[in-house]
Amino acid sequence: MFDRLGELAGEHAELERALADPGVHANADQARKLAKRYAELTPIVAAFREWQQAGEDEQAARELAAEDPAFAIEADELAKQRAGLEERLRVLLVPKDPNDGKDTILEVKAGEGGEESALFASDLLRMYLRYAERHGWKTEVIDSTGTGLGGVKDATVAVKAGRGGGAGAWSRLKYEGGVHRVQRVPVTESQGRIHTSAAGVLVMPEADPVDVQVNDNDIKVDVFRSSGPGGQSVNTTDSAVRITHLPTGIVVSCQNEKSQLQNKEQALRVLRARLLAQAEADADAKASAERKAQVRTVDRSERVRTYNFPENRISDHRVGYKAYNLDQVIDGDLDGVIDALAAADLEAKLGEQ
């Protein structure tokens with residue numbers, strides 16, 4: 001680890017010299033790239049320098065302790081400080097998810113359980129919208145199909161954390177992908193029996209056009225009339241759009257906007273996100289089959305969480321998380337479970353070092 005730290009310190013020094021050269025700033029894109037890398041390395045190098053200094057101070061204190069035992073206490077404190085800095089450096093050296101600064105496309109789909117599943121999907125959608133609101137993120141419903149009782153068959157939402165340079169919505173919501181199961185007495189149940197149903201959540205980093213380019217020859221675009229709950233038409237023109245990506249077979253529909261052009265643009269956003277997610281999943285699978293067992297999977301076939309309403313219990317099966325504050329979680333207070341998932345993800349990555 002420390003050989004690598006020496007190399008990073010050297011790279012940091014070279015970047016500092018390059019950024020001090022006015023000629024480098026003639027190319028704005030190159031200067032921005034160098035500045036970003038410099039900013040990434042600065043906390044690592046600062047901790048490394050602090051670790052080195054603590055080591056030198058500890059050695060000096062050990063030598064002085066031969067004459068004055070009081071320095072032995074100082075040396076022990078410096079040793080503890082140095083050990084803490086080593087752990088901090090291990091965390092800082094964990095490879096960053098390149099998508100953590102990105103916005104997110106989140107899809108919620110009703111699954112097993114009929115109307116109760118659609119109502120649960122509606123609850124999940126509201127939970128994510130409230131969670132975004134708590135974090136000051138902006139949300140945009142790209143497409144949704146409802147049911148007669150107020151449920152949601154499927155909905156697609158864009159979640160934007162802004163461009164302040166910090167972590168994006170993906171850094172938190174990426175853990176939400178999978179099958180979510182609910183246990184409760186449905187509103188449609190007359191005898192008070194507890195039912196189990198499920199809804200699927202798919203989370204993707206939003207792809208910029210430069211990340212994924214869609215060739216017009218690779219897509220088939222169909223138009224149709226928008227429909228509301230129960231299938232009734234809500235528009236007299238063919239404004240809804242269905243895009244089929246021919247090479248992969250991915251199909252995306254959008255009908256929320258009033259114009260055909262707007263619906264097409266929204267559908268292309270979702271298509272680019274799905275293509276990026278598929279490309280990254282394929283790359284992950286090639287890199288290591290073991291990734292399928294890790295917490296950062298977004299495999300929709302995996303049952304990831306159970307919401308037990310009678311016991312007010314939330315359980316995440318990937319990390320053994322359990323809490324009895326389901327009423328708060330379903331109202332958007334998701335940080336507890338997401339923190340547990342992020343901690344497990346970090347631990348897994350530390351184990352790979």
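The model shown is predicted, which means the values in this text are computed figures rather than measured ones. Note that these values count all heavy atoms, side chains included, but never hydrogens, waters or copies made by symmetry.
Within the model, atoms CG of L334 and CG of D339 stand 10.5 Å from one another, a figure rounded to the nearest 0.5 Å. For the atom pair OG1 of T42 and CD of E16, the computed distance is 8.0 Å after rounding to the nearest 0.5 Å. A distance of 10.0 Å separates CG of D57 from CD of Q59, quoted to the nearest 0.5 Å. Within the model, atoms CH2 of W170 and CD1 of I105 stand 11.0 Å from one another, a figure rounded to the nearest 0.5 Å. Interatomic distance, L15 CG to L34 CG, rounded to the nearest 0.5 Å: 6.0 Å. In this structure, the separation between CG on D316 and NZ on K322 is 12.0 Å, given to the nearest 0.5 Å.
T196 is not listed as a side-chain neighbour of T306, based on a closest heavy-atom distance of 4.5 Å or more. Put simply, the side chain of L268 reaches to within 4.5 Å of the side chain of K264, judged on heavy atoms. Residues Q266 and T156 have side chains not in contact (no heavy-atom distance under 4.5 Å, counting atoms from C-beta outward). M204 is not listed as a side-chain neighbour of L276, based on a closest heavy-atom distance of 4.5 Å or more. Between F309 and I194, the closest side-chain pair of non-hydrogen atoms is not below 4.5 Å. The shortest distance between side-chain heavy atoms of Y128 and T104 does not fall below 4.5 Å. Looking only at side-chain heavy atoms (C-beta outward), V182 and D123 stay at 4.5 Å or farther from each other. Between R126 and D331, some side-chain heavy-atom pair lies under the 4.5 Å cut-off.
When every heavy atom of H180 is checked against every heavy atom of F120, the shortest pair comes out as O-CE2, 3.3 Å. Nearest heavy-atom pair, A54 versus Q81, reported as atom, atom and distance to 0.1 Å: CB-NE2, 4.4 Å. Closest non-hydrogen pair, V221 versus I243, comes out as CG2-CG1, 4.2 Å. The heavy-atom pair separating A344 from V319 by the smallest distance is CB-CG1, 3.4 Å. Residue H195 comes nearest to R193 through the heavy atom pair CD2-O, 3.2 Å, listed as atom of the first residue, atom of the second, then distance. Pairing each heavy atom of R313 with each of S315, the nearest pair is NH1-OG, 3.0 Å.
More than 12 heavy-atom neighbours from other residues, nucleotides or ligands sit within 6.0 angstrom of NZ on K96. No more than 12 heavy-atom neighbours from other residues, nucleotides or ligands sit within 6.0 angstrom of CD on E347.
In this structure, D143 contributes its side chain and Q255 its backbone to a donor-acceptor pair below 3.5 Å. The closest donor-acceptor contact from the side chain of T139 to the backbone of V159 lies at 3.5 Å or more, if one exists at all. The backbone N or O of D327 sits less than 3.5 Å from a side-chain atom of N312, completing a donor-acceptor pair. Within the 3.5 Å criterion, the main-chain N or O of G111 finds a donor-acceptor partner in the side chain of S117. At least one donor-acceptor pair under 3.5 Å links the side chain of R274 to the backbone N or O of V251. A donor-acceptor pair under 3.5 Å is formed between the side chain of N256 and the backbone N or O of S144. Using modelled atom types, one side-chain atom of D103 and one backbone atom of A161 make a donor-acceptor pair closer than 3.5 Å.
In this structure, E74 has no side chain to side chain donor-acceptor pair (under 3.5 Å) partners at least two apart in sequence or on a different chain.
For the residue pair N308 and Q183, a side-chain donor N or O sits within less than 3.5 Å of a side-chain acceptor on the partner. Inspection of the R49 and Q52 side chains reveals an N or O donor paired with an N or O acceptor under 3.5 Å. E115 and T147 share a side-chain donor-acceptor pair at under 3.5 Å.
The hydrophobic cluster containing I338 also contains I330, counting ILVMFWY residues as joined when their side-chain heavy atoms lie under 4.5 angstrom apart, directly or transitively. Linking ILVMFWY side-chain heavy atoms closer than 4.5 Å, directly or via other members, places V201 and V141 in a single hydrophobic cluster. In the hydrophobic clustering of this structure, L8 groups with L89; members are Ile, Leu, Val, Met, Phe, Trp, Tyr whose side-chain heavy atoms approach within less than 4.5 Å, directly or through other members. Hydrophobic clustering, with ILVMFWY side chains joined whenever heavy atoms are under 4.5 angstrom apart, groups V108 together with V329. The cluster map of Ile, Leu, Val, Met, Phe, Trp and Tyr, joined by side-chain heavy atoms under 4.5 Å apart, puts V203 and Y321 in the same cluster.
Between H12 and Y38, the ring planes are parallel. Angles under 30° get that label, and only those over 60° would be called perpendicular.
With respect to E206, the side-chain contact (heavy atoms from CB on, under 4.5 Å) criterion is satisfied by exactly one of R269, R272, K102: R269.
A salt bridge does not link R4 to E7: none of the charged side-chain nitrogens sits closer than 4.0 Å to a carboxylate oxygen. Using a cutoff of 4.0 Å between basic side-chain nitrogens and carboxylate oxygens, D29 and K33 are not scored as salt-bridged. In summary, E86 and R90 do not engage in a salt bridge, as defined by a charged side-chain N under 4.0 Å from a carboxylate O.
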- Query: So L41 and E11, side chain to side chain contact (heavy atoms under 4.5 Å, CB included) or not? Walk me through it.
  - Reply: CA-CA 8 Å; L41 291 179; E11 182 186 353; 3.7 Å; yes

- Task: Check step by step if salt bridge (Lys or Arg N to Asp or Glu O under 4.0 Å) holds for D100 and R172.
- Result: CA-CA 8 Å; D100 272 353; R172 301 292 287 173; over 6 Å; no

- Residues K109, V179; criterion side chain to side chain contact (heavy atoms under 4.5 Å, CB included); working and verdict: CA-CA 10 Å; K109 293 182 179 293; V179 174; over 6 Å; no

- Query: Does the side chain to side chain contact (heavy atoms under 4.5 Å, CB included) test come out yes or no for V223 and N263, once each step is laid out?
  - Reply: CA-CA 10 Å; V223 296; N263 280 322; over 6 Å; no

- Message: side chain to side chain contact (heavy atoms under 4.5 Å, CB included) for L5 and W51? Distances and angles first, verdict last.
- Response: CA-CA 11 Å; L5 283 166; W51 175 83; 5.9 Å; no

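Taking the ring centre of F224 as origin, the terminal cationic atom of R242 falls inside the region bounded by 6.0 Å and 45° from the ring axis.
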